[in-house]
Amino acid sequence: MHNVVIGAHGVAAEDVLAVARGGARVELSAEALAGIAAAREVVEALAAKPEPVYGVSTGFGALAVRHISPELRAQLQRSLVRSHAAGMGPRVEREVVRALMFLRLKTLASGRTGVRPVVAETMAALLNAGITPVVHEYGSLGCSGDLAPLSHCALVLMGEGEAEGPDGVVRPVPELLAEHGIEPVELREKEGLALINGTDGMLGMLVMAIDDLRRLFTAADVTAALSMEALLGTDKVLAPELHAIRPHPGQAASAENMRRVLAGSGLTGHHQDDAPRVQDAYSIRCAPQVAGAGRDTVTHAMTVADRELVSAVDNPVVFAEGSGEGRVESNGNFHGAPVAYVLDFLAIAAADLGSIAERRTDRLLDKSRSHGLPAFLADDPGVDSGLMIAQYTQAALVSENKRLAVPASVDSIPSSAMQEDHVSMGWSAARKLRQAVDNLARIIAVELMAASRAVELRVQGSEVLVAAPATQAVLKAAREAGVGGPGPDRFLSPDLAAAYDFVSGGGLVAAAESVTGPLA
């Protein structure tokens, strides 16, 4: 397994994914360690002066007016972390916590936080040992960063709190640290604050959501193409010249994906065969426009993420000027608004993509609009219900995603005696986006079940109506993955679960790409 080297100038999205999801090891570059040490010299010089400096020799938030004497400063840092580790509710996922820790380490490595090198090295050691602090669902307002989640991580650095080992079992923290030869850190001036004052949780979830959504938008292009085939739609609306006159990059990419999946199809373009149609319904004809708008939203979100990945998010920050000289400056860079906004934008895009997929599914199941397919794609309609209730499940997921699309970032609730009087709610935006993304994968899975079954019913016994080669590859791979085809009613949940795994695990896109080559 490769190592991810953290320098002084940030990390890339691929690094976050490698550490959070791939379990990659991390190491700090020599440049980063030198910068950390230089910033620490500044903090120690300021700590020795009689003048109060926020975060070094004062309280925090609304309590920043109190000057803390030297003999109480270690206690101040411990008290800060312990009191802020106030999360409640279910545990968040291991990958989220690893992303959270890795991104906090990225900011420590920037040389702007004033911690000692040992603090950063211990954080890296925790990641490399596979020790994952227990972090809870509730506790972050997304301003002054993800305070409670990060505090639960900082507590483990101190040898306290709760954590799980690489085996996933929660065990006493002192035991876990000792087992891996990690010494607990005795925090000094500024270090507790530096460990908890960042937007790292919401940023980590943003990076992972973008990774998931890129795959799901491609999957949705594939299922939209299958639905177009099953409904005998026309692929003329996918012509490049039509998308060139409205030059949104995402729209062009989705249209190109669909066109490549449909290449060689004998099912498209049959408007006049049975019931004359001037145009296909919006859910078919406008698929590239809707999916494309979502794709462009993902691109914008990645622009924001890339900026954040090279940012030093802390308050106050250290500017080292050499030989222990420098200054500490208070700032508002910990505010989560930039990340919170795009997390909410992505939830909207996910909801709309799921909504249009559900409309195509409903059309496939409706005898009056499916152009010759059996009602609910049932084997013996009336005796069999086919995919009737699968669409109900899909509709429930679509409805939930509409609720999850309500922005969290438009809300703010004052805290800390009105010192923190406007907050981003970015952590909440990230948490609901994760649910929306998972729901979207299930929605696309139901469309896959319906569209694949409809295509198979359409081509049965016909020498003229032949599915595209890419569609045939998808059908073959789906059936091998346990996604059942047409036939009498059966216990449907296992099929739906297999379809979800096929979509979310990348099998759907991989099957299409075995014919088309890489899709956008």
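Computed from a predicted model, the values in this text were never measured in an experiment.
Put simply, the side chain of Val261 reaches to within 4.5 Å of the side chain of Leu226, judged on heavy atoms. Side-chain contact between Glu420 and Pro414 is absent, with no heavy-atom pair separated by less than 4.5 Å. Looking at Thr471 and Leu475, their side chains come closer than 4.5 Å, going by heavy atoms from C-beta outward. Glu256 has its side chain out of reach of Pro288: every pair of non-hydrogen atoms, C-beta onward, lies at least 4.5 Å apart.
The pair Glu93-Arg434 meets the salt-bridge criterion, with a side-chain N (NZ, NE, NH1 or NH2) lying under 4.0 Å from an Asp/Glu carboxylate O. Using a 4.0 Å cut-off between charged side-chain N and carboxylate O, Glu164 and Arg94 make a salt bridge. One finds a salt bridge joining Asp362 and Arg359 here, because a Lys/Arg side-chain nitrogen approaches an Asp/Glu carboxylate oxygen to under 4.0 Å.
Proximity of a side-chain donor or acceptor of Ser254 to a complementary backbone N or O of Gln251 within less than 3.5 Å is not detected.
Distance CZ/Arg259 to OG/Ser265: 14.5 Å, rounded to 0.5 Å.
Between Asp221 and the choices Arg260, Arg295, Arg215, the salt bridge (charged side-chain N to carboxylate O under 4.0 Å, His left out) rule is met once, by Arg295.
Few gaps surround CD1 on Ile389; more than 12 heavy atoms of other groups in view lie less than 6.0 Å from it.
Between Leu465 and Gly266, the closest heavy-atom pair is CD2-O, 3.6 Å.
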### Chi angles and distances behind the salt bridge (charged side-chain N to carboxylate O under 4.0 Å, His left out) call for Asp15, Lys106
CA-CA 11 Å; Asp15 298 330; Lys106 174 266 298 182; over 6 Å; no
### Query
Going through the checks in order, is the side chain to side chain donor-acceptor pair (under 3.5 Å) test met by Gln391 and Glu358?
CA-CA 8 Å; Gln391 186 269 330; Glu358 184 275 331; 2.7 Å; yes
### Task
Please test Ser399 against Arg403 for side chain to side chain donor-acceptor pair (under 3.5 Å), starting from the C-alpha separation and ending with a verdict.
CA-CA 7 Å; Ser399 183; Arg403 295 190 295 275; 3.2 Å; yes
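Screening residues 499-520 for side-chain hydrogen bond (donor to acceptor under 3.5 Å, both in side chains), with sequence neighbours left out, gives Asp438-Tyr500.
The six-membered or imidazole ring of His422 lies near that of His335, with a centre-to-centre distance under 6.0 Å.
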